[in-house]
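One structure is given below, encoded as structure tokens.
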Amino acid sequence: MKDPVITISQLSDHVEEQVTLRGWVYNWRKKGKLRFIILRDGFGYLQCVVFRPNVDDEVWEAATQLTQESSIEISGKLIADERAPGGFELQVNQIKILQITEDYPIGKKDHGVDFLLNHRHLWLRSKRQHAIMHIRSEAEFGIREYFQTRNFTLIDSPILTPAACEGTSTLFETDYFGEPAYLSQSGQLYLEPAAAALGKVYCFGPTFRAEKSKTRRHLMEFWMVEPEVAWLRFEGLLELCEDFLSTIVSRILDRCAVDLERLERDVSKLDAATSKPYPRIDYGDAVQRLKAEGVEMEFGEDFGGDDETVLAGLFDRPVMVTRYPADIKAFYMEPDSEDPTRALAVDVLAPEGYGEIIGGSERSADLEHLERQIATHGLPREAFDWYLDVRKYGAFPHSGFGMGLERFVSWMCGIPHLREAIPYPRMINRLYP
Ligand code: 4AD
Ligand code: MG
């Protein structure tokens with residue numbers, strides 16, 4: 001076959017030409033002297049039509065053998081046809097079979113989610129997973145571009161760490177030549193010193209939490225993007241959160257329309273999140289609002305997933321809950337100067353039940369306060385010596401946040417569980433494949 005080899009993303013440049021495509025049989029059906037093959041090549045889907053009178057016996061024979069997910073090279077004349085799905089059709093004159101697939105495990109019938117997760121490596125070939133992975137990739141690209149074009153420097157934080165960042169109950173421990181080491185829960189502690197070196201920094205990488213809870217919002221391994229900015233105070237942090245989030249949501253709506261449509265996402269529900277400002281609500285007021293909605297909780301308690309859903313449901317766009325009680329938040333936060341029992345912390349809650357997608361705060365610049373906090377949280381002081389140096393050698397105000405990529409992607413895609421928002425999910429009972 002000497003025809004130009006093209007991909008489904010290039011169809012419009014080759015109308016009325018003889019071309020070859022390589023891919024897998026997504027689906028096929030027969031109708032008299034016709035065989036309709038839906039080819040998938042990773043870039044899209046193309047209807048290929050084999051018409052018995054127009055091909056020789058060998059090609060017809062090949063066409064009748066094809067099964068779901070057989071790998072093929074297929075050639076013919078490409079035509080534009082409004083009636084065809086996607087607007088193009090290949091009038092086939094050659095088929096080369098690489099492998100006939102027997103008994104492909106994922107069929108048209110409904111499979112249970114455990115079955116699909118056991119076959120995650122194959123499940124990725126489905127239309128829905130294809131769309132989700134595309135949106136995830138675009139989100140990652142957009143996030144990097146957001147920071148790179150705003151003068152942030154990328155700082156890759158380590159995965160193997162000597163101490164906890166976000167509490168000791170969710171640490172994955174490993175043996176580091178006879179010493180305990182932990183998989184990183186957050187790059188934040190490494191970003192704070194880097195902010196003193198480079199002003200505006202961010203990290204974006206895998207993060208690990210041994211979450212013992214089995215919820216649709218938790219993974220053991222997830223990706224987090226974390227900016228950290230020198231001299232930024234709490235008000236500025238809130239502005240950064242809403243500017244960042246509204247920019248990335250707009251980008252997904254602009255660039256992923258085809259994928260969102262494939263997922264049947266009601267995009268009108270995302271529109272409000274493209275404009276600033278986002279509402280801000282004080283933690284204390286949030287508790288009052290929840291009580292008024294009939295939720296049983298007391299001031300001082302943290303919100304559960306269901307509480308977040310109720311609270312976020314009162315707004316049409318993400319809501320920023322501010323000034324949480326200090327003792328339900330991490331050790332490094334700056335106390336509120338008006339009420340030191342509160343921390344200058346923010347959680348950004350997404351609508352439609354997606355809950356907390358961003359957590360951030362102003363960081364304490366005060367050495368003695370942090371030393372007390374480290375003791376109160378039962379953390380080993382020696383492991384934090386280097387971190388505390390930032391408060392000894394030119395202490396400065398700074399703030400930052402972390403956004404979980406899978407929570408963001410699930411929200412964009414409108415999927416109920418985080419497990420589909422990452423290529424190979426790690427969950428409480430799942431390390432395979
Ligand atoms: O609120 P978290 O724990 O904050 C931090 O780790 C800070 N050190 C970030 C910072 O200020 N630089 O986590 C931040 C975000 C959450 O809002 C959520 O989106 C996500 O990370 N996240 C998880 N995503 C999936 N599975 C889990 N187990 C997650 N835990 C947190
Ligand atoms: Mg949090």
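First listed ligand is number 1; within each ligand, the first listed atom is number 1.
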Measuring from non-hydrogen atoms of [X] to any atom of ligand 1, is the shortest distance under 4.0 Å?
{"X": "Glu192", "answer": "no"}
{"X": "Glu166", "answer": "yes"}
{"X": "Met220", "answer": "no"}
{"X": "Tyr354", "answer": "no"}

Could you tell me whether the side chains of [X] and [Y] share a donor-acceptor contact shorter than 3.5 Å?
{"X": "Tyr202", "Y": "Glu226", "answer": "no"}
{"X": "Tyr332", "Y": "Glu362", "answer": "no"}
{"X": "Ser364", "Y": "Asp366", "answer": "no"}

For ligand 1, the portion of [X] having any non-hydrogen atom under 4.0 Å away:
{"X": "Glu356", "result": "both"}
{"X": "Phe401", "result": "backbone"}
{"X": "His218", "result": "both"}
{"X": "Glu406", "result": "neither"}
{"X": "Tyr332", "result": "side chain"}

Checking the N or O distance criterion of under 3.5 Å, is ligand 1 in contact with Cys165?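 No; the residue has no nitrogen or oxygen that sits under 3.5 Å from a nitrogen or oxygen of the ligand.
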
Test: Arg40 and Glu69 ion pair at under 4.0 Å: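 A salt bridge links Arg40 with Glu69.
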
Which pairs of donor and acceptor atoms, one on a side chain in residues 238-246, lie under 3.5 Å apart (sequence neighbours left out)?
residue : atom : partner : partner atom : Å
Glu242  : OE1  : Tyr278  : N            : 2.8
Glu242  : OE1  : Arg280  : NH1          : 2.9
Glu242  : OE2  : Arg280  : NH2          : 3.3
Asp243  : OD1  : Lys276  : NZ           : 2.8
Asp243  : OD2  : Tyr146  : OH           : 2.6
Ser246  : OG   : Glu242  : O            : 2.7
Ser246  : OG   : Asp243  : O            : 3.2

Which atoms of ligand 1 sit under 4.0 Å from any heavy atom of Leu418? 25 (C)

Atom indices of ligand 1, in the order listed, that fall short of 4.0 Å to a heavy atom of Arg217: 25 (C), 26 (N)

Evaluating non-hydrogen atoms only, which member of Arg426, Gln185, Arg209 is closest to atom 3 (O) of ligand 1? Arg209

Give the single entry among Arg363, Glu228, Glu221 that approaches atom 11 (O) of ligand 1 most closely by any heavy atom.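 Residue with the shortest heavy-atom distance to the ligand atom: Arg363.
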
State whether Glu166 contributes an N/O/S atom found under 2.8 Å from the Mg ion (ligand 2).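 Looking at Glu166, which is the residue asked about, there is no N, O or S atom under 2.8 Å from the Mg ion (ligand 2).
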
So, for Tyr182 and Phe172, is the gap between ring centers shorter than 6.0 Å? no

